[in-house]
A.B. asks: 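A single structure is presented below for examination.
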Amino acid sequence: METLNLRNALIEFEKRTPKSQAFIQEANTIMPGGVTANIKFFEPYPIVMQSGNGAYLTDLDGNQYIDYLLSYGALMLGHGHTAIVQAVHNQLAEDGTSLFGTPHRLELDMAQKIQQYYPSMEMIRFTNSGTEATLLAIRMAFAYTGKYKLAKLEGHYHGGYNQVLLSVNPPVAEAGPAHEPRAIIESKGIEPHQVENTVILPFNDLDACAEILKKRKDEIAAVMLEPVQSGFIPADQTFIEGLRKVTDELGILLIFDEVKTGFRMGIGGAQSVYAVKPDITTLGKVIGGGFPVGLIGGKKEIMMVTAPTAASDVFDSSISKKSSSKDVLFHSGTYNGHPTILSAGLAVINVLEQEMDRVMAVTEQLKDGIRELFASKGIGMQTIGLGTIFNVVITEKEHVRNYRDLQESNFSLRKEIDFHLLTEGIYTKPLNRYSMSTAHGEKEISATLDAYERVLFKKI
Ligand SMILES: Cc1ncc(COP(=O)(O)O)c(C=O)c1O
């Protein structure tokens, strides 16, 4: 039910964004819900953006926003950074084409650069999205171990396909006991038997995880998790170290999905913060500089299951085909290792090598400022996060350590605040986390805190 505060915020929101409303109405006639990815949607209608510049977005009605969504964390240099724009221009000019369909120098350059910061990745392959990277990680784990079930953590997101679209945001009442969560399907169209192929584990509960894994060690190929859930709820150090130990002992692979956390918890991702080495890592988002990309890396002996030199795959049509296709793990894609995108990604890393510490410091400054404002208003809240991502969680709970703790927070007040902030020119999709960029500085932090102050003290 809408509160009076939310209703007031929505009235103001609709007054400021008539062109977005009209656009979505028209788009709705040709695209389901008016959008091309459901994540872009929110009620009553999403704001349609026209342009971006640095930390700022401008919508169709000419309203300007400081952007904290940053395309779900992908834009670590903000919008339109000259280093990215130049790299892309230069690469296209130098290559004389946008795509070769052959190996390219930048594939090696980028792989070596990534390995410098993620030494757990002894070998690397590129994909076109985080989804593809996690999909490949699972297939690799199955191929390497000869086991065919995945364990994932409740509340963790790894992309939109059948094996992992389970228990990402389940209704707690249906999700079984906290120490042994039930697998809940998160989309229409997923076969009911999928719940049997993916085992759900409780995040930050090592004893419960260990018990489930021990019971099912002969079926489970790998545990895949976001080391920092949703990019902001950190694993306890003891949990992640314990999970590493237990999986090692049981012959189960450990996959860190660092699509969100890569280059955001620190340049070396969550694995450098925790000093824990996974068997396989997936990356995406930041390393594409705003273009679609994904990457998977891991131990050499695991990664080599996809080497085409060992056996033939479906694209080997020679008479002397060495072996059956099923002897090699299939991995291909027309756009894998796209040179233009790799040039953008390398440009991002070059800038972060200079500026990462500053982004981390600015993030802390904003978190401190928001916390102080809530404290003086007398509302219990925490800015939960590591590195350059955090979330504003309105709760009286002392510790928020997993999905179920988060469900007890006050989403309705947070939503009211978010809509008021939108009308004050602070953009994040309502209820989403905050991601920071090199483009966010003193000016943006101070404007954001002023907006928060007006909302907290005058509007709610
Ligand atoms: C942890 C994690 N894994 C995988 C994905 C899927 O990545 P993509 O949207 O690039 O397919 C996401 C996207 O948000 C993610 O956050």
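Any value given below was found using the heavy atoms of this structure, including those in side chains, with hydrogens, waters and symmetry copies removed. Fair warning: this is a prediction, and the values are worked out from it, not measured in the lab. First listed ligand is number 1; within each ligand, the first listed atom is number 1.
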A.B. asks: Which bit of Lys285 is near ligand 1, meaning a heavy atom under 4.0 Å away: side chain, backbone, both or neither?
C.D. replies: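 Side chain only.
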A.B. asks: Taking only heavy atoms of Ser129, which atoms of ligand 1 are found under 4.0 Å from at least one of them?
C.D. replies: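 Once the distances to Ser129 are compared, the set is 10 (O), 11 (O).
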A.B. asks: Heavy atom of Glu132 under 4.0 Å from ligand 1?
C.D. replies: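 The answer is no: ligand 1 sits nowhere under 4.0 Å from a heavy atom of Glu132.
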A.B. asks: Return the set of residues passing salt bridge (charged side-chain N to carboxylate O under 4.0 Å, His left out) with Arg414 (not counting sequence neighbours), or none when no residue passes.
C.D. replies: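 With sequence neighbours excluded, Arg414 shows a salt bridge (charged side-chain N to carboxylate O under 4.0 Å, His left out) to Asp418, given in chain and number order.
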A.B. asks: Between Asp279 and Arg244, is there a side-chain N and carboxylate O pair less than 4.0 Å apart?
C.D. replies: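 Salt bridge between Asp279 and Arg244, a charged N being under 4.0 Å from a carboxylate O: yes.
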A.B. asks: Quick one about Tyr144 and Glu301 (side-chain donor to acceptor, distance below 3.5 Å, no hydrogens or angles considered), yes or no?
C.D. replies: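 Indeed, the side chains of Glu301 and Tyr144 share at least one donor-acceptor pair under 3.5 Å.
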A.B. asks: Who's closest to atom 5 (C) of ligand 1 heavy-atom-wise, of Leu135, Val164, Val259?
C.D. replies: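 Minimum heavy-atom distance to atom 5 (C) of ligand 1 goes to Val259.
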A.B. asks: Are any of the side-chain nitrogens in Glu211 or Lys214 under 4.0 Å away from the carboxylate oxygens of its partner?
C.D. replies: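 No, Glu211 and Lys214 are not salt-bridged.
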A.B. asks: Would you call the rings of Phe203 and Phe239 parallel, tilted or perpendicular if under 30° counts as parallel and over 60° as perpendicular?
C.D. replies: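 Phe203 and Phe239: perpendicular rings.
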A.B. asks: Would you call Glu258 and Arg264 a salt bridge, taking side-chain N to carboxylate O under 4.0 Å as the test?
C.D. replies: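 So Glu258 does not pair with Arg264 through a salt bridge.
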A.B. asks: Between Glu174 and Arg182, does any side-chain N to carboxylate O distance fall below 4.0 Å?
C.D. replies: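 Arg182 and Glu174: not salt-bridged.
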A.B. asks: Starting from atom 9 (O) of ligand 1, which protein heavy atom do you reach first, and at what distance in Å?
C.D. replies: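 Answer, as residue, atom name and distance: Thr131 OG1, 4.3 Å.
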A.B. asks: So is Thr134 polar-close to ligand 1, meaning N/O to N/O under 3.5 Å?
C.D. replies: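 No; the residue has no nitrogen or oxygen that sits under 3.5 Å from a nitrogen or oxygen of the ligand.
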A.B. asks: Among all the protein's non-hydrogen atoms, which is closest to atom 3 (N) of ligand 1, and how far away is it?
C.D. replies: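 The answer is Asp257 OD2, 2.6 Å.
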A.B. asks: Regarding Glu364 and Arg371, does a basic nitrogen lie under 4.0 Å from an acidic carboxylate oxygen?
C.D. replies: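 So Glu364 does not pair with Arg371 through a salt bridge.
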A.B. asks: Taking both backbone and side-chain atoms of Lys260, is any N or O found less than 3.5 Å from an N or O belonging to ligand 1?
C.D. replies: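 It does: an N or O of Lys260 is found under 3.5 Å from an N or O of ligand 1.
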A.B. asks: Under 4.0 Å, heavy atoms only, figure out whether ligand 1 is touched by the backbone of Tyr157, its side chain, both or neither.
C.D. replies: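 Both parts.
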A.B. asks: Suppose I only count heavy atoms of Glu226 and a 4.0 Å limit; which atoms of ligand 1 are within that range?
C.D. replies: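 Answer for ligand 1: 1 (C).
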A.B. asks: At a 4.0 Å threshold, what atoms of ligand 1 neighbour a non-hydrogen atom of His158?
C.D. replies: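 Atoms satisfying the 4.0 Å criterion: 3 (N), 4 (C).
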A.B. asks: Considering only the protein, which heavy-atom contact is closest to atom 8 (P) of ligand 1, and what is its distance?
C.D. replies: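 Sorting protein heavy atoms by distance from atom 8 (P) of ligand 1 puts Gly130 N, 3.5 Å first.
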